[in-house]
Every structure is written in structure tokens, then in C-alpha cells.
Amino acid sequence: MALIFTGRFRDVGASWAAGPKKTFEDPGEARRYERTMAAKARRDAETVRVFQEAEARFRECDRPAGAADAGWGLWPGPAEALLSKLARTPRTDVIVTGGAGRLPEGSTRLYRGRPDPANPDDLTDRTAAALSDWLAAHPDDALTLAVTVAVTDQTLQEGAIVEILNHELAAHVEPFADFLTAESRAPGTGVLGTAAEQHEMLHTGNPRYRLIGARYVTRYPDAPAYRNRMAMDTNADATLPPGV
């Protein structure tokens, strides 16, 4: 249905300066408040800039595999770009939200409709058979694949964000998209591995992840941050093509 980048991937526009003004009797306190809020606005603007640059770099690296990728062992490979494919997922919006977290990490969840934070209808951990049955029983219900990408102040780096995006979209969102597409065409035919199996694919060589990752680390100067984030993720233990 749609692919939407939101949160820190988007400039929320109006800064604190456009909102209601606090008043202070002490001029010194007023100046301190102004300095504090101005510093916060600068940090927020820098955060948005890095997230937006990471999204732009990811889009530049998201291409179908070509003959030039044979040297990486990735040809033949994915025949279409990932983001355009995800945007066509039947009955599903893919919403990618950037923000701050305790660790540089990501998550992917499948929800019925738009998730209610107080009572989300979370379908993520259902088996393929159970999810197929649910889809057949709810043919008119829309879905949301909710992706979060979080970094700390210390890991606010383009390469780290690109790696988390690559992990979540290639390892987790694309399998859901493939499953939902197959189910929309022929109920009961979709194949969907568990999160552990998807991580094992990253460890043994997910072609999509390798293709996007290889292009990023061989083209952009923040490659070390990408590699550092990849090495931190012991659950996935993801790999790039040999020699990259």
C-alpha cells in the first residue's frame, strides 16, 4: 500500500521558537532558558539531518543486482529494488520510524491496522499457518509493518542507521512482504521463517542485505560505522560478501 519514513527521518518543522513562550521574572533565568532551548533545537536539527542522509544513502544503494555485482557473488541476485517492492505489499503500510534509544537497534512488528499503543493487535509471532488462517478470516483488514530504527547520541552516525535499516528491511520486512504477497495471490502458499531463521539467513548470506551493504561500504565514507553496528549485532552476526 505505502512505504512511509517518519519520526527523525522527517523534519517536524516548527521549532520551540514557534510555540508558546515561557515568561520569567528574572532576566538571567530567561536567557539561560533561551540558550538551553536553542541548544536543543540545534541537536534536534542535527539528528534529523543524519537520519535523512542515512535514508538518502540507503535509497542510493537500493538497486536491483546487475552484472557488475558478479565480483561479489551477487549476480544473479534481487531483480528489483527493495523499497519499491515494499511499497506494493498488499493491504499493508510499511512505516519506518527513526528515533532515540538506549542502544543502536531496530525492530519490526506486524500489526492489524494502525497499532494502538495501549492495546496493539500484534500478529508478528504467529506461525505462517496461523497467520495465513488469520488473513483468510479477516480479508478486509489493513495491516501495518512497523519498523523502528533507534540510535543513541553516541551512535548518531549515518552508517549505523543504514545498517539497521538494511537489517530490518532486508531480513524481516521483505520476508513478511513476500509472505503477504503470496497469500494475496493464493491463500495458504506463503512461506515465513521465524525471527531466528531470518537472523540465520543474515549470518549465512542474505543476498539483499549483502547487496545493499556491499554497495554502501564501498562507496561512502561512513563505512566504519556500518561495520561497527554490524559487528555489534550478535543475534544476527550478519556478513558482507567475501573481500568487501
Side-chain angles (χ1 to χ4, degrees), residues 1-7 9-10 51 54-65 76-99 106-117 120-150 161-199 201-202 206-213 236 238:
M1 290 169 55
L3 173 68
I4 302 165
F5 281 81
T6 187
F9 288 104
R10 290 290 167 264
F51 268 90
E55 179 191 345
R57 297 294 180 266
F58 188 91
R59 289 182 181 277
E60 290 166 8
C61 294
D62 177 30
R63 298 288 185 272
E80 61 179 319
L82 177 58
L83 296 182
S84 59
K85 175 183 177 180
L86 298 182
R88 298 194 307 273
T89 306
R91 64 193 278 190
T92 307
D93 285 332
V94 180
I95 301 178
V96 184
T97 303
S107 73
T108 296
R109 308 298 296 179
L110 176 67
Y111 296 106
R112 177 183 187 175
R114 291 296 175 93
D116 175 2
D121 199 345
D122 192 337
L123 307 172
T124 312
D125 297 323
R126 296 186 180 222
T127 65
L131 186 53
S132 178
D133 290 343
W134 187 94
L135 293 170
H138 302 82
D140 298 323
D141 285 12
L143 302 167
T144 298
L145 275 165
V147 182
T148 60
V149 177
I161 297 169
V162 171
E163 197 283 331
I164 297 170
L165 272 174
N166 197 14
H167 176 147
E168 296 303 320
L169 298 180
H172 304 306
V173 179
E174 186 171 22
F176 271 119
D178 288 341
F179 174 86
L180 294 168
T181 299
E183 289 291 313
S184 72
R185 294 171 178 166
T189 63
V191 177
L192 182 66
T194 64
E197 290 168 337
Q198 291 164 4
H199 282 154
M201 278 287 294
L202 279 179
N206 178 307
R208 176 81 69 181
Y209 177 91
R210 283 186 163 194
L211 180 65
I212 292 172

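Hydrogens, waters and symmetry mates are skipped; everything else that's a heavy atom, side chains included, is used.
Of all heavy-atom pairs between P90 and L180, the closest is CG-O, 4.2 Å. Contact record, E174 with L86: CA-CD2, 4.0 Å, taken as the closest heavy-atom pair. Smallest separation of non-hydrogen atoms from V162 and A54: CG2-O, 3.6 Å. When all heavy atoms of F5 and R10 are compared, the closest pair comes out as O-CG, 3.3 Å. The two residues A171 and N206 have their closest heavy-atom pair at CA-ND2, 4.0 Å. Between A170 and P175 the shortest heavy-atom distance is O-CD, 3.7 Å.
The backbone N or O of G193 lies less than 3.5 Å from a partner atom in the side chain of Q198, making a donor-acceptor pair. S184 places a side-chain N or O within donor-acceptor distance of the main-chain N or O of T181, the cut-off being under 3.5 Å.
By the ring pair (Phe, Tyr, Trp, His ring centres under 6.0 Å) test, Y111 pairs with no residue at all, sequence neighbours left out. Contacts of R63 classified as side-chain hydrogen bond (donor to acceptor under 3.5 Å, both in side chains), with partners at least two apart in sequence or in another chain: none. Remark: S132 engages F179, E183 in a side-chain contact (heavy atoms from CB on, under 4.5 Å) (not counting sequence neighbours). Evaluation of the side-chain hydrogen bond (donor to acceptor under 3.5 Å, both in side chains) rule for D62 yields no partner, not counting sequence neighbours. With sequence neighbours excluded, the residues forming a salt bridge (Lys or Arg N to Asp or Glu O under 4.0 Å) with D141 are R112, listed by chain and number. The side-chain hydrogen bond (donor to acceptor under 3.5 Å, both in side chains) check on R126 picks up nothing, with sequence neighbours excluded. Every residue two or more places apart in sequence or in another chain that forms a salt bridge (Lys or Arg N to Asp or Glu O under 4.0 Å) with R88 is listed here: E80. Evaluation of the ring pair (Phe, Tyr, Trp, His ring centres under 6.0 Å) rule for F176 yields no partner, not counting sequence neighbours. For the side-chain contact (heavy atoms from CB on, under 4.5 Å) test, residues two or more places apart in sequence or in another chain that qualify with T97 are T6, I95. Evaluation of the side-chain hydrogen bond (donor to acceptor under 3.5 Å, both in side chains) rule for D122 yields R109, T124 as partners, not counting sequence neighbours. Residues passing the side-chain contact (heavy atoms from CB on, under 4.5 Å) test with A150: none are found, sequence neighbours excluded. For the side-chain contact (heavy atoms from CB on, under 4.5 Å) test, no residue two or more places apart in sequence or in another chain qualifies with A136.
In this structure, W134 and H138 have parallel ring planes: the angle between them is below the 30° cut-off, well short of the 60° mark. Note: F51 and F9 have perpendicular aromatic rings, judged against thresholds of 30 and 60 degrees for the angle between ring planes.
Remark: L131 CG to D125 CG distance equals 11.0 Å, nearest 0.5 Å. Note: L169 CG to T108 OG1 = 7.0 Å, rounded to the nearest 0.5 Å. Note that CG of N166 is 8.0 Å distant from CG of L202, once rounded to the nearest 0.5 Å. Atoms SG and CG, on C61 and L83 in that order, are 11.0 Å from each other to the nearest 0.5 Å.
The shortest side-chain heavy-atom distance between T148 and E168 does not fall under the 4.5 Å cut-off. At a threshold of 4.5 Å between non-hydrogen side-chain atoms, the residues T144 and P115 count as touching.
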Could you go step by step and tell me if R114 and D93 meet the side-chain contact (heavy atoms from CB on, under 4.5 Å) rule?
CA-CA 9 Å; R114 291 296 175 93; D93 285 332; 3.0 Å; yes
Show, in sequence, the C-alpha distance, side-chain angles and deciding distance for L143 and L135, and conclude whether the side-chain contact (heavy atoms from CB on, under 4.5 Å) test is met.
CA-CA 10 Å; L143 302 167; L135 293 170; 3.8 Å; yes
Could you go through E55 and I161, starting from their C-alpha distance and side-chain angles, then the distance that decides it, and tell me whether this counts as side-chain contact (heavy atoms from CB on, under 4.5 Å)?
CA-CA 8 Å; E55 179 191 345; I161 297 169; over 6 Å; no
